[in-house]
Every structure is written in C-alpha cells, then in structure tokens.
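Read through the structure below, which is laid out as structure tokens, and then see the notes.
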Amino acid sequence: MNINFDRNERLKANFHIALEAVLANKLRSLLTALGIIFGVAAVIAMLAIGNGAQQEILEQIRLVGVNNIVITPVVNQIEENLAEESDLEEERGKFSPGLKLSDVESIMKTIPGIKKISPEIVLETNLVKSGIRRSAKLVGVTPAYFEVLDFKLREGKMFTESNLLLGAPVCIIGRSVQTKFFSKENPIGKMIKSGNQWLEVIGVMEERLVSEQSISKLGIRDFNMDVYVPIQTMLIRFKNRDLVTGAAVLDGEQLTTNTDPNYHQIDKIVVQVEESESLNPTAEVISKLLERRHMMVVDFEITIPELLLKQQQRTQNIFNIVLGAIAGISLLVGGIGIMNIMLASVMERIKEIGLRLSLGAKKSDIVNQFLFEAVMISITGGIIGVILGILLAHLVSTFGDFPTIITLPSILLSFGVAATVGLVFGIAPARKAAMQDPITSLRYE
C-alpha cells in the first residue's frame with residue numbers, strides 16, 4: 001500500500017515538474033507542437049472530405065437503385081453519309097421502331113436473372129387546381145418502378161391491375177405537388193387536372209431529397225414534382241408516340257417532316273438483375289437483343305450507373321488513402337520535431353537533471369518527467385489540431401460546396417495517433433536524460 005502511494009506521489013511530482021517546464025517555455029512548446037497540430041487537422045479534414053464523398057456516392061447509388069441497367073433512347077442523330085445514291089436509298093430503307101413496350105416484354109421473357117423491369121414515359125405537363133397552375137413532369141410507370149428505385153408511399157395506395165389494364169385516370173403525386181396544391185386538405189380522392197385530363201389522386205410519395213450535384217451527375221430530376229400515372233393511362237389518354245411512328249411508316253413525307261424527333265414509345269427502361277456480377281453480361285445480351293429487334297439500328301444507349309459509381313468510389317478510396325498518408329507523414333514529421341526539441345531540452349537542463357538525481361530522484365522519475373513533457377506537448381497539439389480540423393472541414397463544406405462528414409472515430413483516431421507520437425518520440429530523449437551521471441551533470445557548463 002505504501003509502495004503504491006509513494007509511486008503515485010512520485011508520478012504526481014514528475015507531472016507537475018513537466019507541466020512547469022512546458023509552461024515556462026510556452027512559445028517553444030507551441031512551435032514544437034506545430035507538426036502535430038497541422039497533422040491532426042489534416043487527418044480530420046481529409047477524413048471528413050472522404051466520408052462526405054463516400055456518403056454522396058452511396059446516396060447516388062440509392063437514387064439510381066441497386067443492380068440496375070438503364071436503357072435510354074437516342075434521338076436527333078445527325079449522320080453525314082457520303083455514299084452513292086444507291087447506298088442512300090438502302091440506308092433510308094432501314095427503320096427502327098424505337099423502344100417499345102414489346103421490347104420490355106421480350107427482355108423479361110428472354111433473358112434469365114432479371115428481377116424487375118420498369119418502363120417509363122415522361123411528358124411535360126401543366127397541373128391545374130383551384131386557380132393554381134404549375135409545370136411538372138407526368139410520368140407513366142408500372143408498380144415495378146417504385147420497387148426498382150426504392151420509392152415509398154407516404155399515404156394512399158399503389159396502382160392496381162385494373163388501373164393498368166383499363167388505363168384508369170388515377171395518379172400518385174410527389175410530395176412537392178401535395179404541398180403546392182393540397183396544402184390544406186388531404187389529397188387522397190381529390191382531383192387534379194394534367195393537361196386536358198382530370199386525374200384522381202390515390203397516393204402521395206414520400207419526400208425524396210436530391211442534391212443539385214446528383215441531378216447534374218446522374219441526369220435525374222426532382223422527383224417531388226412528378227405526377228405518376230399507370231403507363232397505359234399515359235398511352236391511352238395522353239400521348240403514344242408509337243402511333244405517330246406507325247403513320248410515318250405509311251407516309252414517307254410525314255416521316256421526314258415529323259415535328260417530334262423522338263419516335264420512341266418508351267423514354268426509359270430500367271432492368272434490375274438478381275446479382276451484381278450479372279450486370280455486364282446481362283447488359284451485353286440486352287444490347288444484342290435490342291439490335292435485332294430494331295433492325296440493327298442502334299438508337300438506344302445502355303448504362304450501368306452502379307458500376308460507374310462504384311468505380312468512382314474506388315477512385316475516391318485511393319484518393320483518401322493518398323491524402324491520409326500525406327497527413328500521416330505530417331504527424332511523423334511532428335513527432336520527429338518533438339524528439340529533436342526534447343533532446344535539445346535535455347542538453348540545456350543537464351544540471352537540473354544532475355541535481356534531481358543527486359537529491360534522490362530515480363532514473364524512472366527522470367524518464368517520467370520528460371515523457372510527460374513530450375506527451376503534454378503532443379496532446380495539446382492534438383486538441384488544437386482537432387479544433388482546426390473541424391473548422392477546416394466546415395470551411396470546405398461552406399465555401400467549396402462539397403459535403404463533409406466529421407465522425408467521432410476520425411477525431412479519436414487522429415487524437416490517439418497524436419498522443420502515441422508524443423509517447424514514442426519522447427522515449428529516446430527521456431532515456432538519454434535518465435542515463436546522465438549526476439556528478440558529471442553538476443559540473444556541466
């Protein structure tokens with residue numbers, strides 16, 4: 001018991017001596033800690049930027065859906081052909097029907113491993129109710145659309161089979177549409193006019209937050225201002241481009257003068273596969289299937305957003321590792337700076353060390369004193385570095401328009417590394433101080 005008490009008293013005394021030494025040389029202690037300060041700040045800021053980028057990529061993957069293949073039409077293709085007249089006539093003979101519902105059925109029946117398939121038709125429209133008029137997107141979909149993109153209903157119900165078969169005048173509205181047109185009433189069962197058609201609201205979507213970066217990078221829209229109708233309702237009651245194309249086939253003049261260059265019945269097809277490993281092979285098979293159905297005219301484009309985003313994520317991970325290594329080097333340099341200053345401090349205080357040893361201090365007391373000094377400098381630098389790192393992360397987020405996420409593990413990691421650096425690089429100076437001969441130290445000039 002007495003031994004433990006004596007040991008604790010010695011540690012307290014050594015701590016107070018080290019604290020007095022650090023406070024007596026405030027400027028030197030601050031300059032010694034600069035490497036630790038900037039190293040810790042760099043680690044926290046870089047991890048915050050990396051976490052923000054990772055979160056943004058994960059959010060983008062959630063927006064485009066998991067294991068999805070996106071097929072979009074290509075319109076307004078301008079092609080210069082310098083062939084002979086006979087070749088031109090042959091080229092004019094080629095005709096693609098474009099993306100159609102029959103393509104959707106063919107993909108679903110022919111290709112194995114497909115979980116869901118969602119066709120989509122988008123039409124610019126104007127919504128009217130109670131004297132309020134607002135532009136919006138009218139989207140013709142099937143119930144699979146909401147499952148593929150993980151959209152959830154806030155209230156109401158989903159389209160039924162009879163809604164799809166009969167092309168019923170029903171709709172599901174986005175959250176912003178509800179706020180704009182039904183702010184003081186429950187929209188379920190109410191009517192809203194889209195273009196020349198009145199639609200009954202049967203459901204309201206949960207709000208879907210989409211950043212401007214995601215809109216520009218992924219080519220998606222603000223889903224909250226969408227009005228969703230059964231895809232047959234869109235084709236029967238609003239617009240079916242396939243009918244226009246059929247007429248154009250019968251009349252070559254109409255084909256060349258058609259004011260709407262988009263002859264595709266479907267604006268987008270999203271195919272969801274069972275396994276991520278099947279994304280590329282399935283996309284290749286779909287491409288070959290559609291080429292044959294479209295008379296070998298490639299008027300569609302196939303993309304795999306998840307793979308593109310995962311490649312971006314891998315690039316970001318490499319970038320984060322490089323930045324973390326650079327920040328780690330800063331901490332290493334800071335540790336070397338602490339060791340150099342502490343070694344210089346030992347040489348300056350040889351007489352003090354000799355006096356303590358001659359008065360009965362043990363070598364362990366000298367070691368503890370200098371270790372306490374090194375650790376105090378590194379911990380103080382770590383605290384300042386944490387504050388500076390958090391400030392830098394907020395500045396990047398505010399002025400750089402870049403998301404940053406500061407996590408507790410990143411703070412604990414950087415702070416723990418700072419304390420460890422002080423301990424490790426303080427051992428050598430502490431041992432050198434403890435090995436001094438008391439008589440030689442007292443005579444040192």
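Bear in mind that the values here come from a model prediction, so they are computed numbers and not experimental data. Numbers for residues simply follow the sequence, beginning at 1.
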Not counting sequence neighbours, which residues clear ring-ring contact (aromatic ring centres under 6.0 Å, His included) with Phe300? List them please. His294

Using atom types as modelled and distance alone, determine if a side-chain donor or acceptor of [X] lies under 3.5 Å from a backbone N or O of [Y].
X: Asp267; Y: Val122; value: yes
X: Thr398; Y: Leu395; value: no
X: His264; Y: Leu99; value: yes
X: Thr404; Y: Ala393; value: yes
X: Thr233; Y: Ala168; value: yes
X: Thr179; Y: Arg175; value: yes

From Gln178 atom CD to Ile188 atom CD1, the distance as rounded to the nearest 0.5 Å: 7.5 Å

Salt-bridge contact Lys116-Glu147 (side-chain N to carboxylate O under 4.0 Å): yes

Student check: side-chain heavy atoms of Ile107 and Ile71 closer than 4.5 Å: yes

Who pairs with Arg293 by salt bridge (Lys or Arg N to Asp or Glu O under 4.0 Å), at least two apart in sequence or on another chain? Asp103

I'd like to check the side chain to side chain donor-acceptor pair (under 3.5 Å) partners of Glu284; sequence neighbours left out, ordered by chain and number. none

CD/Glu185: more than 12 non-hydrogen atoms of other groups inside 6.0 Å: yes

Surrounding NZ of Lys157 (heavy atoms of other residues, nucleotides or ligands, distance under 6.0 Å), is the total greater than 12? no

Aromatic ring pairing Tyr145/Tyr228, orientation class (parallel under 30°, perpendicular over 60°, tilted between): tilted

